**Student:** 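Got a structure for you, written out below as structure tokens; questions coming shortly.
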2 protein chains.
Amino acid sequence: MLAAAASLGYRPNRIPAIMLSGRSYMVGVVIGGLENPFYATALERLATALRESGLQVLLMYVDDALTLDSALDQLLSYRIDAIVTSLAIGSKTVVRALSQLQIPVVCFNSSLVGPWISTVNSNNHGAGVAAARLVMERGVTQPVWLAGPGKNAASRARGEGFCQGLRKAGMPMTGLTRLRGDDTYDSGYDAITRLWKRGIRPNGIFSSNDMMACGAIDALRERMGLICPRDVIILGYDNIPQAGWRSYDLTSFDQRTERMVTGAMELLDEALVAKDSPLSRTHVVDAQLIERGSTTLTD
Amino acid sequence: MLAAAASLGYRPNRIPAIMLSGRSYMVGVVIGGLENPFYATALERLATALRESGLQVLLMYVDDALTLDSALDQLLSYRIDAIVTSLAIGSKTVVRALSQLQIPVVCFNSSLVGPWISTVNSNNHGAGVAAARLVMERGVTQPVWLAGPGKNAASRARGEGFCQGLRKAGMPMTGLTRLRGDDTYDSGYDAITRLWKRGIRPNGIFSSNDMMACGAIDALRERMGLICPRDVIILGYDNIPQAGWRSYDLTSFDQRTERMVTGAMELLDEALVAKDSPLSRTHVVDAQLIERGSTTLTD
DNA sequence: TTGTAGGCGTTATCAT
DNA sequence: ATGATAACGCCTACAA
């Protein structure tokens with residue numbers, strides 16, 4: 001009977017059930033920066049995990065925080081059960097907007113704190129410390145921290161960990177050069193170009209993400225004639241596929257997206273079960289150092 | 001009054017309107033292969049365009065055709081108005097499944113033909129011919145066609161165009177080497193490694209996509225000591241961001257995603273207006289050759 | 001066990 | 001013009 005109905009093109013309609021139960025089993029996924037392969041992979045895994053939990057993904061692509069407000073209104077009118085977002089921005093306005101929705105919000109790598117908001121973070125600070133340790137072990141005397149956008153909390157934490165690690169190991173902070181990029185390949189290339197113009201020759205670089213690290217590797221070779229790792233060692237973050245491409249062979253911290261997604265799903269389930277009481281938890285996943293050729297000592 | 005309501009957390013509910021009108025203003029977006037930056041960008045643009053048209057994106061990530069069937073059932077029960085998909089697979093089963101949904105389906109670069117199914121294609125064949133012309137102009141004597149998966153219609157069309165172009169220009173087909181990959185970086189690397197083991201030294205390669213081309217460039221250098229473009233020129237397809245990265249500097253055909261998305265939106269609008277009559281249109285967008293260093297003659 | 005009524009929140013229509 | 005009511009489709013609860 002059901003089979004017969006199906007062959008006639010009949011499909012059960014979930015819409016009335018949404019009205020009755022107040023649960024749509026749709027989760028708003030708010031994401032941006034898909035040009036970074038890391039986020040593309042994260043979305044892929046997240047979408048898969050949500051579907052396996054019987055949840056649908058109502059996708060909202062946002063370029064900047066500005067479009068977020070109107071985006072949220074649209075999502076809300078579809079009675080989504082929760083929101084999952086990888087947005088790096090963390091302004092007060094956004095926190096208030098998200099908290100007011102009165103539905104669970106799960107963030108990736110954000111510093112958002114407030115009622116209804118849970119977060120799953122990579123251990124950014126710890127990875128920064130580990131990067132410092134590795135850099136010191138390899139005898140780096142002229143370290144560089146290549147930061148991402150200042151509003152990116154994850155990037156800040158990585159930089160703070162790196163600085164603390166260096167300081168503890170006895171590196172004078174005057175010896176550390178800080179550069180700022182915007183997480184793109186070009187900004188990594190440009191940052192190194194600026195360094196070159198200032199006459200600084202680094203021998204160890206920790207980059208806030210892999211795309212900038214790739215740009216840095218290319219600029220070091222083209223601008224300064226410095227070959228990685230012969231003249232300079234480099235570490236990135238995210239372990240994007242391109243880090244494994246032979247031309248870069250980049251050592252990188254893997255955020256272990258699988259675990260972060262699993263963690264996000266747990267936070268989500270908890271919050272959904274709690275129903276109307278605002279939950280606010282945090283889950284931290286240690287990053288895993290993937291060593292490749294860019295930090296291999298040569299003699 | 002409305003403002004007061006909003007501050008109290010009230011949001012209009014679109015769910016009842018769906019029941020009444022039969023239109024949800026949700027579009028199912030079925031996509032896979034996000035590890036290819038080309039698809040990530042396409043999704044980004046598509047999601048933005050749909051939102052600007054007042055449509056919501058109900059995302060369905062699928063790895064293979066197998067998950068498609070159950071995925072469709074889930075989507076359908078949410079009463080989506082249409083489906084947009086970039087799935088490259090084109091089996092008869094899939095066509096029947098999609099046609100039976102009785103809602104508009106818009107495909108990217110697929111060979112699916114049937115009622116309710118419209119398609120927006122890159123001019124794959126034309127680009128293949130153009131690649132052949134360029135390769136002949138540059139005096140290539142040992143051309144290689146690096147194909148994608150056989151079931152990928154777009155890749156087949158590119159290869160056919162390339163072969164036809166070479167033949168018309170007088171290249172004997174026995175002189176053409178065909179390799180098969182699966183659209184990944186590794187498969188490009190491996191394909192060239194196989195070539196090396198067969199003792200063939202190519203001097204011109206057309207790759208079905210950029211990721212394989214990057215793998216090919218790296219394998220040529222590492223395995224054969226061939227430098228691009230000094231010893232071998234290479235063309236790719238998709239113009240992904242990495243094609244512009246200095247280590248690859250890859251000439252590539254840009255599919256002009258913007259135009260393809262615009263075309264898809266037009267097909268979608270048409271089909272939605274036509275309401276209950278199955279439309280089946282095709283829209284072709286010429287690819288644009290972006291010449292970079294990988295095809296620059298050196299002397 | 002089988003059948004029927006009520007309710008979800010909005011919109012549109014109809015009656016006042 | 002303003003206000004009441006039916007309708008959307010499914011599920012649940014209660015009645016026969």
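All values reported here derive from a predicted model rather than from experimental measurement. All values below were derived from every heavy atom in this structure, side-chain atoms included, with hydrogens, water molecules and symmetry-related copies excluded. In the text below, chain A, chain B and the rest are named by the order of the sequence lines, each starting its count at 1.
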**Student:** Is it the case that B/Glu160 and B/Asn124 place a side-chain donor and acceptor less than 3.5 Å from each other?
**Tutor:** no
**Student:** Can you spot which of A/Val285, A/Thr41, A/Asn109 makes a side chain to side chain contact (heavy atoms under 4.5 Å, CB included) with A/Gln255?
**Tutor:** A/Asn109
**Student:** With no hydrogens and no angle check, do the side chains of A/Gln242 and A/Asp210 hold a donor and an acceptor under 3.5 Å apart?
**Tutor:** no
**Student:** Quick one, give me the B/S/- string for nucleotides 9-14 of chain C, reading 5' to 3', where B means a protein heavy atom under 4.0 Å from the base and S means that only happens at the primed atoms, P, OP1 or OP2.
**Tutor:** BBB---
**Student:** Rounded to the nearest 0.5 Å, what separates atom SG in B/Cys107 from atom CG in B/Leu267?
**Tutor:** 10.0 Å
**Student:** Spell out, as yes or no, whether a donor-acceptor pair under 3.5 Å connects the side chain of A/Ser24 to the backbone of A/Ile18.
**Tutor:** no
**Student:** With sequence neighbours left out, what residues match A/Asp254 under side chain to side chain donor-acceptor pair (under 3.5 Å)?
**Tutor:** A/Asn239
**Student:** Do A/Asn36 and A/Asp183 have side-chain atoms, one donor and one acceptor, less than 3.5 Å apart?
**Tutor:** no
**Student:** Could you work out, with side chain to side chain donor-acceptor pair (under 3.5 Å) as the rule, every residue matching B/Asp182, not counting sequence neighbours?
**Tutor:** B/Thr184, B/Ser187
**Student:** Using a heavy-atom cut-off of 4.0 Å to chain B, what are the terminal contacting nucleotides of DNA chain D, in 5' to 3' order?
**Tutor:** D/dA7 to D/dG9
**Student:** Around atom CZ of A/Arg259, are there more than 12 heavy atoms from other residues, nucleotides or ligands closer than 6.0 Å?
**Tutor:** no
**Student:** Kindly write out the residues that satisfy side chain to side chain donor-acceptor pair (under 3.5 Å) with B/Ser122, not counting sequence neighbours, or none if the list is empty.
**Tutor:** B/Tyr237
**Student:** Angle between the two end axes of the helix from C/dT1-D/dA16 to C/dT16-D/dA1, five base pairs per end, rounded to 10 degrees?
**Tutor:** 60°
